[in-house]
Amino acid sequence: RWVLSLQCKGSRNFMSALRRAVEVDFKDKDKHKSQGLYLLTTGIPDQETHTISAYVSEVCRGFDLQLHVCLFSVMEDVDSNRIIPARCANPTETAVAFKEIVQAANGRFHWFGEAGIFESDDITVIVSEMEKANNYSQK
């Protein structure tokens, strides 16, 4: 089951979108075997990271769901309408913030851009498994 929440007018009101998803769309959680949220984003949320992390941690435990983040880094902190978001951060600061949020939600973090993949929890796990297999085969 997919949930789509759109934010307009240059806002990155993550808390509002998350509240909508968990309070409206997941109210029938007992009817679903597994639930996860995927956030596809290009920038840091309007709210402070520690506030989001605390809320996400509580919500994810209560609903037994995971929040996964796919961060696409763009060169500017201005959207297509030239509106500057309420809270700005460089790509590295944004990635650090989302990694903290994802850890609170027991989710996975993926960061990519026009140049390729910068970081991915899934790829890190695969590379680790390949290294273990290689080390085992050499022994």
Side-chain angles (χ1 to χ4, degrees):
R1 183 164 175 242
W2 289 87
V3 176
L4 177 63
S5 180
L6 300 174
Q7 299 299 311
C8 302
K9 300 180 184 172
S11 172
R12 291 190 182 126
N13 192 340
F14 177 79
M15 292 292 284
S16 175
L18 183 61
R19 280 188 187 116
R20 181 183 180 279
V22 298
E23 293 172 6
V24 175
D25 296 319
F26 288 102
K27 64 183 174 188
D28 296 325
K29 66 179 182 174
D30 296 332
K31 295 179 183 177
H32 309 286
K33 290 184 179 181
S34 63
Q35 295 179 341
L37 295 172
Y38 281 83
L39 172 64
L40 309 174
T41 185
T42 59
I44 197 157
D46 288 344
Q47 297 81 18
E48 293 294 326
T49 303
H50 66 278
T51 303
I52 295 172
S53 293
Y55 182 75
V56 161
S57 177
E58 180 182 329
V59 166
C60 288
R61 276 195 310 266
F63 283 103
D64 192 27
L65 74 104
Q66 297 175 324
L67 171 69
H68 310 289
V69 173
C70 299
L71 172 64
F72 182 76
S73 286
V74 293
M75 301 319 254
E76 298 179 24
D77 282 321
V78 178
D79 74 3
S80 61
N81 295 323
R82 312 307 285 171
I83 299 171
I84 299 173
R87 185 167 172 239
C88 292
N90 69 39
T92 302
E93 293 167 336
T94 302
V96 168
F98 277 119
K99 285 188 340 188
E100 180 182 323
I101 292 166
V102 162
Q103 286 175 344
N106 292 323
R108 298 187 319 271
F109 176 72
H110 310 285
W111 178 22
F112 60 100
E114 295 166 345
I117 298 169
F118 300 118
E119 183 176 340
S120 171
D121 289 344
D122 291 347
I123 291 174
T124 300
V125 169
I126 291 169
V127 168
S128 174
E129 290 296 319
M130 290 170 61
E131 288 172 349
K132 285 179 190 175
N134 185 42
N135 289 338
Y136 181 75
S137 68
Q138 288 181 9
K139 290 178 182 178

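Listed by first and then second residue, the ring pair (Phe, Tyr, Trp, His ring centres under 6.0 Å) pairs involving residues 120-139 amount to none (not counting sequence neighbours).
With rounding to the nearest 0.5 Å, the separation of OG1 in Thr49 from CZ in Phe98 is 8.0 Å. Note: Phe109 CZ to Leu71 CG = 5.0 Å, rounded to the nearest 0.5 Å. The structure places OH of Tyr55 at 9.5 Å from CZ of Phe14, a figure rounded to the nearest 0.5 Å. Note: Thr92 OG1 to Trp111 CH2 = 4.0 Å, rounded to the nearest 0.5 Å.
For Ser57, the side chain to side chain donor-acceptor pair (under 3.5 Å) criterion is met by Arg61, not counting sequence neighbours. Residues that satisfy the salt bridge (Lys or Arg N to Asp or Glu O under 4.0 Å) test with Glu119, not counting sequence neighbours, are Lys99. Residues passing the side chain to side chain donor-acceptor pair (under 3.5 Å) test with Glu100 are Ser53, sequence neighbours excluded. Annotation: salt bridge (Lys or Arg N to Asp or Glu O under 4.0 Å) contacts of Glu129 (sequence neighbours excluded): Lys132. Applying the side-chain contact (heavy atoms from CB on, under 4.5 Å) test to Asn134 and every residue at least two apart in sequence or in another chain returns Ser137, Gln138. In terms of the side-chain contact (heavy atoms from CB on, under 4.5 Å) criterion, residue partners of Ile123 (sequence neighbours excluded) are, by chain and number, Ile117, Ser120, Val127. Remark: His68 engages Tyr38, Gln66, Arg108 in a side-chain contact (heavy atoms from CB on, under 4.5 Å) (not counting sequence neighbours). For the side-chain contact (heavy atoms from CB on, under 4.5 Å) test, no residue two or more places apart in sequence or in another chain qualifies with Gln103.
Ring centroids of Phe118 and Phe112 are separated by 6.0 Å or more, keeping the two rings apart.
In the hydrophobic clustering (ILVMFWY side chains linked at under 4.5 Å, chained through shared members), Met130 is joined by Ile126.
Evaluated for a side-chain contact (heavy atoms from CB on, under 4.5 Å) with Leu67, the options Asn106, Ile52, Val56 yield exactly one hit, Val56.
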